[in-house]
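The block underneath contains the structure these notes are about, expressed in structure tokens.
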Amino acid sequence: MPNRRDVFKNTLALTSLAAISGAATAAPAAKPIVVSTWDFGVAANQAAWDVLKGGGYALDAVEAGARIPEVDLKNHSVGRAGYPDRDGHVSLDASIMDEKWRCGAVAALEHIEHPISVARLVMEKTPHVLLVGAGALQFAVEQGFKPEELLTPDSEAAWKDWLKTAKYQPVANSEMSTYGHAPGSVVPGDVHNHDTLGILALDAQGRLSGACTTSGMAWKLRGRVGDSPIIGAGLYVDGEIGAATSTGVGEEVIRNAGSFLVVELMRQGRSPQQACEEAVMRIVKRRPEAAKTLQVGFLALNTKGDVGAFAIQKGFVYAQCDGTKTDRVVPARSVFG
Ligand code: ASP
């Protein structure tokens with residue numbers, strides 16, 4: 001006959017086994033929602049919503065959403081029409097993560113218009129998390145992606161225009177910039193405005209996923225990789241807690257493990273809004289002088305479907321779609337402005 005202590009021990013063992021196998025953490029039913037950084041997130045959300053409204057998987061939704069700006073020829077900050085690096089190469093960064101801590105990413109990938117789909121295959125078909133440069137391209141081609149010249153005539157013209165200044169000054173999220181506008185004016189979004197699509201979704205089964213895709217900073221040094229393909233920096237998903245993504249100067253986000261920080265703050269009890277605010281403030285407090293002129297924005301979603309967003313500079317917006325209201329663009333609050 002087992003005594004009480006044995007029964008207790010066995011129950012404990014079974015409970016931890018269930019937790020390890022995931023059986024104890026089955027996700028509850030949820031109201032689907034998708035959120036994306038920036039106003040171009042509206043089109044991405046629509047593609048994601050088509051998946052979510054039919055009861056589809058959040059991972060399929062964020063991939064479908066991310067593919068939209070990747071082929072938008074008017075979008076010079078993501079995918080095919082992304083502005084090139086200093087030397088004229090279009091090099092793309094992307095990452096994807098699901099509710100079971102599975103993730104994949106590519107960095108400095110050239111000649112492939114859908115880096116997000118290559119990132120998903122890194123996650124699903126390799127034992128690795130991140131492939132870069134020539135190796136990422138080789139993997140993509142092996143998986144059937146067609147290599148192409150991604151530099152569009154528009155992007156090439158903008159690059160050549162920039163070259164005339166012959167100054168190495170890559171910019172991200174230049175919504176406070178005056179470039180390309182009348183002298184003295186400060187307007188949201190200059191002609192080289194450069195932003196990332198970060199997209200987070202919660203599906204009807206309560207599963208969270210996220211994706212992030214970008215061409216990085218315009219005119220960056222060849223080989224520069226930002227936060228977007230770095231799991232924990234540009235994107236992090238914890239299926240039990242929430243998900244976060246970022247946009248802005250990737251170097252600041254990497255320094256502070258930004259998206260992981262936002263999710264970890266939610267784990268400690270903060271709402272998505274409080275978590276985004278605390279993470280932004282940490283960046284600002286650590287480099288107060290630099291923070292006056294740089295932009296970083298976080299977007300977060302928890303397993304209950306609550307959303308938060310916060311940025312250093314004014315001008316950061318996100319798009320939200322949950323089927324009850326039409327897809328809408330929401331301005332995020334910020335430290336300055
Ligand atoms: N976070 C991106 C990067 O640093 C750029 C951006 O979001 O504007 O590559």
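Computed from a prediction, not measured in an experiment: that's the story for all the values here. Counting convention: from 1, in listed order, for ligands and their atoms alike.
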For this session: Taking the six-membered ring for Trp and the full ring for Phe, Tyr or His, determine whether the centres of Trp219 and Tyr83 are under 6.0 Å apart.
Result: yes
Exercise. Are Glu70 and Thr213 close enough that a side-chain donor and a side-chain acceptor fall under 3.5 Å?
Worked result: yes
Close N or O approach ([X], ligand 1; < 3.5 Å):
{"X": "Thr247", "answer": "yes"}
{"X": "Ser246", "answer": "no"}
{"X": "Gly250", "answer": "yes"}

Quiz: residues 47-55 side-chain donor-acceptor pairs under 3.5 angstrom, not counting sequence neighbours:
from  : atom 1 : to    : atom 2 : distance (Å)
Asp50 : OD1    : Lys53 : NZ     : 3.1

For this session: Determine, for Arg255 against Glu252, whether the closest basic-nitrogen to carboxylate-oxygen distance falls under 4.0 angstrom.
Result: yes
Problem set entry | Distance (rounded to the nearest 0.5 Å) between Asn45 CG and Ile199 CD1 | 5.0 Å
Seminar exercise, completed: Closest to atom 6 (C) of ligand 1 by heavy-atom distance, out of Leu197, Thr196, Val225, is Thr196
Problem set entry | Gly198, Ala233, Gly248: member with heavy atom nearest to atom 1 (N) of ligand 1 | Gly248
Problem set entry | Test item, Arg224 contacting ligand 1 (heavy atom, 4.0 angstrom) | yes
